[in-house]
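First comes the structure, then the notes that go with it.
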Amino acid sequence: MTSDNCILVIFGASGDLTGRKLIPAMFDLMKGGHLPDRYKILGVGRSQYNDQTFREKLNLETQEEGDDYSLFLENVFYQSADTASEDDYRKLEERLTELNRKYKTEGNYIFYLATPPQLYSVIPRLLCQLGLSKEDKGWRRLVIEKPFGVDLESARQLNRDILSCFKESQLYRIDHYLGKETVQNILVTRFGNGIFEPLWNRNFIDHVEITAAESLGVEKRGGYYDSSGALKDMVQNHLLQLTALVAMEPPASLDSDAIRNETLKVFQSLKPLDRENLNKHYIRGQYTSSKIKGEIVKGYREENGVDRESRTETYAAIKFYIENWRWGGVPFYIRTGKKLPTRVTEIVIHFKSTPHRLFKKAFGTMDNFNKMIIRIQPDEGILLKFGMKMPGAGFNVKEANMSFRYSELSSVQLTSAYERLLLDCIHGDSTLYARGDAVEACWEFIQPLIDEDKSGKPQIFGYPAGSWGPEHADDFIEGEGCTWRYPCKNLTNDGLFCEL
Ligand code: BG6
């Protein structure tokens, strides 16, 4: 696909995201020959760099080297500006005009907001005042990082503010999970294969489990995280987007709106959580100090930037239903947490057992053998579990695996989420970005939980860092002998004692 020449303008360029994700993604795109012939990157930030010192900073941060990288950096520029000052925007406009004229980038600009969220309304308004949102001299696109609002009302307000300057078709709200190759593969698995679709509904699926576990804690982001928590940081966006891809109806085409209309319908069909019984739907946890591999690790409240009496959740598990013909009565369980035993994100489709259970598992228990595990990361792939007779007398049945791993595709490397998302934005394809109505629908769904958290009523359960979260999280899952799957790093294994 050919791409239009353009300038990527990164607001908040001196921040961590630029050096860690955006610049490496653009560099990889350049190496892969995906960028337009004439692309330029203009970093904008308060810090006082010039083009040269900014390039030197990126050099240190990204740890890339070689001739290719030096050539790439020649396309990177810097403009120091106070992003809230109108005067500085005039200077920015002059700089853009100058770069555009010199490098013939055809007036196409992507404005990427990698700033603190307080500036998400301000920057578009000031760009708009200078006419930089108008598309008469080239296209103009606005990329907005998460968090998009902190609750339903603020998300609505932010949508109103931005939509008064830019059209929805110019907006690219980032949910980096949608940029992950394995997340997009959910669509292909479901809608590119005739064998799964007949089973993909309430008649054959018992329940669905989605886990996004992280072994890291809050690291250097204690200040931000303490005002956010797992519910807003992971559930409202990443986990609900995964839910939508698992649960949506087949779109009429691969057109951006066709896909996004279907995901919106899922959000609109989420059964509202019963405000009177939220404890039946929601478990909150916070990691406490413990010993991992012989080393004492800090509890959440001892982390830098975190209130010593914080009630912010670092673990959240939610049970909910989707009220439509496909999913009526099927529970969805989602959980996420920091300082869990391993980093793994996966979706587990638990199929119903046979109507009459003839066989037992080899070690005596009855079980549903059939599960499909869609592994988002790491050891990306798909695993299908089914029962198989153990050789020998009797009918002992063992769980057997059939799997596909991306690592088996030796000729192909998984691209980073930011690489894919930036390239899509350059191509003007917003399919993998969240639409305003969907973002609001997700906030609407979790708003009762936000209100409950604010009231200070819900319990927060401590869990030792390095464990799988609050002890009673297993009781959450209905059904005989049902628990969460305890995934290992390796796709095919699970259990509490595997290699992590
Ligand atoms: C971010 C959250 O959106 O996603 C982080 O703010 C979290 O807290 C991260 O660590 C997880 O992303 P990934 O791609 O590592 O699963």
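From a predicted model like this one, the values you see are computed outputs, not experimental measurements. For ligands, and for the atoms within them, numbers begin at 1 and follow the listed sequence.
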Looking only at the side chains, is there a donor atom on one of Asp233 and Tyr225 sitting less than 3.5 Å from an acceptor on the other? no
Under a 3.5 Å cutoff, is there a donor and acceptor pairing between the side chains of Thr211 and Arg335? yes
Side-chain (Asp379) to main-chain (Leu491) donor-acceptor, under 3.5 angstrom: yes
Residue shell around ligand 1, heavy atom under 4.0 angstrom: Lys146, His176, Tyr177, Lys180, Glu214, Arg221, Asp233, Met234, His238, Lys338, Arg343, Gln377
Residue pairs passing the salt bridge (charged side-chain N to carboxylate O under 4.0 Å, His left out) test with at least one member in residues 421-433, sequence neighbours excluded, are Arg420-Asp424
For Tyr406, ring-ring contact (aromatic ring centres under 6.0 Å, His included) partners two or more places apart: Phe404
Applying side-chain hydrogen bond (donor to acceptor under 3.5 Å, both in side chains), can you list everything that pairs with Ser121, at least two apart in sequence or on another chain? Asp161
